[in-house]
Structures are given as structure tokens and as C-alpha cells.
Number of protein chains: 2
Amino acid sequence: MKIGEIAKKAEMPVKTVRYYADIDLVSPNGRTDAGYRTYNDAALRKLVFIRHARAFDFSIEECRELLGLFTDQQRTSADVKSIAQKRLAQIEAKQTELQSLHDELAHLVGACRGDNRPDCPIIDYLG
Amino acid sequence: MKIGEIAKKAEMPVKTVRYYADIDLVSPNGRTDAGYRTYNDAALRKLVFIRHARAFDFSIEECRELLGLFTDQQRTSADVKSIAQKRLAQIEAKQTELQSLHDELAHLVGACRGDNRPDCPIIDYLG
DNA sequence: ATAAACCTTACAGCAACTGGAGGGTAAAGT
DNA sequence: ACTTTACCCTCCAGTTGCTGTAAGGTTTAT
């Protein structure tokens, strides 16, 4: 499989696949005579794995860690769960933060008449 | 006021104040003979304004826009409200996204026994 | 034969800073 | 007066996770 084909199957840009190769996250299994990267099905599974993990906002380094567990026969589900729980806690923290952000801003927007007079509680609050 | 003083009053790192000067977001009103940036109270108010707006995840460009309105006597509250509403919609979209992320991941974490056996629904799902 | 589609590397850029090197200056202590 | 400490300066590199572009080489289809 050349890079275009695996990228299509993994549903990500060619650039991204090449980037993952550059940072040694998912390496091609070889090169053609012309220097084209060649990939196998194992690489495809890794890319799909990463796409899913990235959708969960796992960082690249977390993906690397998870990928290690993914291919490690010795891993325990506790290892994986612990990483996922850490991520979940991060998400929950972000949610809380976003909620108070939302509430404050919504309050200000609600208080602003939005007419063509210059006085505005949003500006007052921010300033 | 020199940069250290205004940074302290505005509650942000000196580096950040210097950065805002570099990108012409908040310029010093002059320089000392030695080349030190000098700031006045108007600059301080702008920095505080920006810190608040940034806490709402307004981008620097949005801050620039808001700052323009802030100092523009001709602005109407409708101008400001429209920017704030746009931002509110972005926050709400992010919240929805984060919620489904949370639910999916929480489901997976809940399904994982987290013992020392290798089979793990999180890995199964991601792979 | 040639054009389109594909591949390569290498560098630049995004946002919004942060850190560090390598210096000059000012304020405070002795 | 001298030294230490605390500031200040510029410039460059790095962060994250790519994406865009330039300037080429290769393969495939017509």
C-alpha cells in the first residue's frame, strides 16, 4: 500500500500519515525503489486507532502510550483504564470551565440591549 | 510604569505584555533612554480588558476587535453583542462536542474491568 | 508522448505564548 | 564607591499537531 491508499482507508490526509511517519508514531514497513513509503495492514489498524483516539482528544504522546499498550501482549486492562480515566478527568475539568464561561457570557449577552446606543454591559464588565 | 509593574498590575507575565507590544495589540506609550518600555494607565486598562476577554477564550484577533470597540466612541452595543453572541455559539458547540466525547469515554471506562487481564473494551473500541 | 495523478523532501506558518541565551541598566545594600 | 540583585532588552528556538507551498521525481492513463 502506498501512502495515498492507506490515507484514504484510514480517513486522514496524506500529510498526516507522513507526519506520523516523521515522528515515528506509525512507520512505513519499507520504501519502493523510487523512495515511496509502503504500508501494511498493521499500520492501517494503527492509523485508525489513532484517529479514534485523537477524536477523544488524546494527545499524540498519549496515543503513543496507548499504541504501546495496544500492541503489547503483556498489558493489563488496568493500564489502559488508568490512561482513559485520566483523560476523562481532563474532559470533565474542561466541561466545568466551559460551563462557567458559558454562564457568565450568556448573562452578559442577555443584559446587553444590542441597540445602537453605545453603553454596553459586556464592555463595562470586560473593561 | 515599566513593564514589570504593569505586568504585575495586569496580572500577566512580563513576557506576555512584551508579546502584546510586538503584535501591536497594546503598545507602550514610549521608551526610556535605556530603551525600557513605558506604559500608562490606559494601557493597563487594555491589558486587564484583554485578560478578561482571553479568559472567555476570545482569540487575540477577537480581542483586537473588541478593543477597537472598547476605545471607539462610535460603537453601538449591538456591535459588541454580535461578537459576544458569535463567541457564545462557539462555546455551546464545543460543549456539545465535549459532552458526547465524555459520554462515549465514560461508557468505555465503565465497561472496562481494569484488572490485570489483557482484554479491554477501550482498546477493542479504539482498535 | 504527454498529461494527470501521485510521490518525495524541505521549509514556512498557524496560535499564543514560553524559555533561554547573552547582554545592558537601575536600585539597593555595604 | 562598589557589588549584588533585580530588572530590562533583543533575538532565537520550541511548544502542538498539523497544513500549505515550492520544487522537484515517478507512475499511470490516454
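Every chain is numbered from 1 and lettered A, B, ... according to where its sequence line falls, protein lines coming before strand lines. Worth saying up front: this structure is predicted, and the values here are computed from it rather than measured.
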Sidechain N-carboxylate O distance under 4.0 Å for A/Glu61, A/Arg64: yes

What is the distance from OH of B/Tyr19 to P of D/dG14, rounded to the nearest Å? 18 Å

To the nearest angstrom, how far is B/Glu62 atom CD from C/dA15 atom P? 12 Å

Strictly distance-based, threshold 3.5 Å: is any side-chain N or O of A/Arg51 a donor or acceptor partner for the main-chain N or O of A/Ala10? yes

Please report the C-alpha distance between B/Met12 and B/Arg54 in whole Å, then the side-chain angles of each, then the deciding distance to 0.1 Å, and finally whether the side-chain contact (heavy atoms from CB on, under 4.5 Å) criterion is met. CA-CA 11 Å; B/Met12 52 174 68; B/Arg54 293 284 302 137; over 6 Å; no

Figure out the CG/C1' separation between A/Leu25 and D/dT16, and round it to whole Å. 14 Å

Is there a side-chain polar atom (N or O) of B/Arg54 under 4.0 Å from OP1 or OP2 of C/dA15? no

Can you tell me if A/Gln99 and B/Gln95 form a side-chain donor-acceptor pair at under 3.5 Å? yes

Mind checking A/Ile23 for me? I need base, sugar-phosphate or nothing, with any heavy atom below 4.0 Å counting as a touch. nothing

Would you kindly give the CD-to-P distance between B/Glu61 and C/dC14, to the nearest whole Å? 11 Å

Over how many whole Å does the gap from A/Met12 atom CE to D/dG17 atom P extend? 13 Å

Do A/Val17 and A/Leu25 sit in one hydrophobic cluster, given that two such residues count as connected whenever their side-chain heavy atoms are within less than 4.5 Å of each other, even indirectly? yes

Kindly say if A/Arg37 contacts the phosphate of C/dT9, meaning a side-chain N or O under 4.0 Å from OP1 or OP2. yes

Checking contacts here: which listed nucleotide (C/dT18, C/dT9, D/dC8) is nearest the side-chain heavy atoms of B/Pro13? C/dT18

Tell me whether the OP1 or OP2 atom of D/dT19 has a side-chain N or O from A/Thr16 closer than 4.0 Å. yes

Identify each atom pair where a protein N or O and an N or O of nucleotides 25-27 of chain C are less than 3.5 Å apart, giving names and distance.
unit_1 : atom_1 : unit_2  : atom_2 : d
C/dT25 : O4'    : B/Tyr36 : OH     : 3.1

Does a side-chain N or O of A/Arg18 approach OP1 or OP2 of D/dC18 to a distance below 4.0 Å, or not? no

What's the CE-P distance between A/Met1 and C/dC6, to the nearest Å? 16 Å

Rounded distance in Å - CD1 (A/Ile60) to P (D/dT19): 11 Å

I'd like to know if the side chain of A/Glu92 reaches the main chain of A/Ala89, judged simply by a donor and an acceptor atom lying under 3.5 Å from each other, with no hydrogens or angles considered. no

Under a plain distance cut-off of 3.5 Å, with no hydrogens placed, do A/Asp103 and A/Ser100 share a side-chain donor-acceptor pair? no

Distance in angstrom units between A/Lys15 NZ and C/dC6 P, rounded: 16 Å

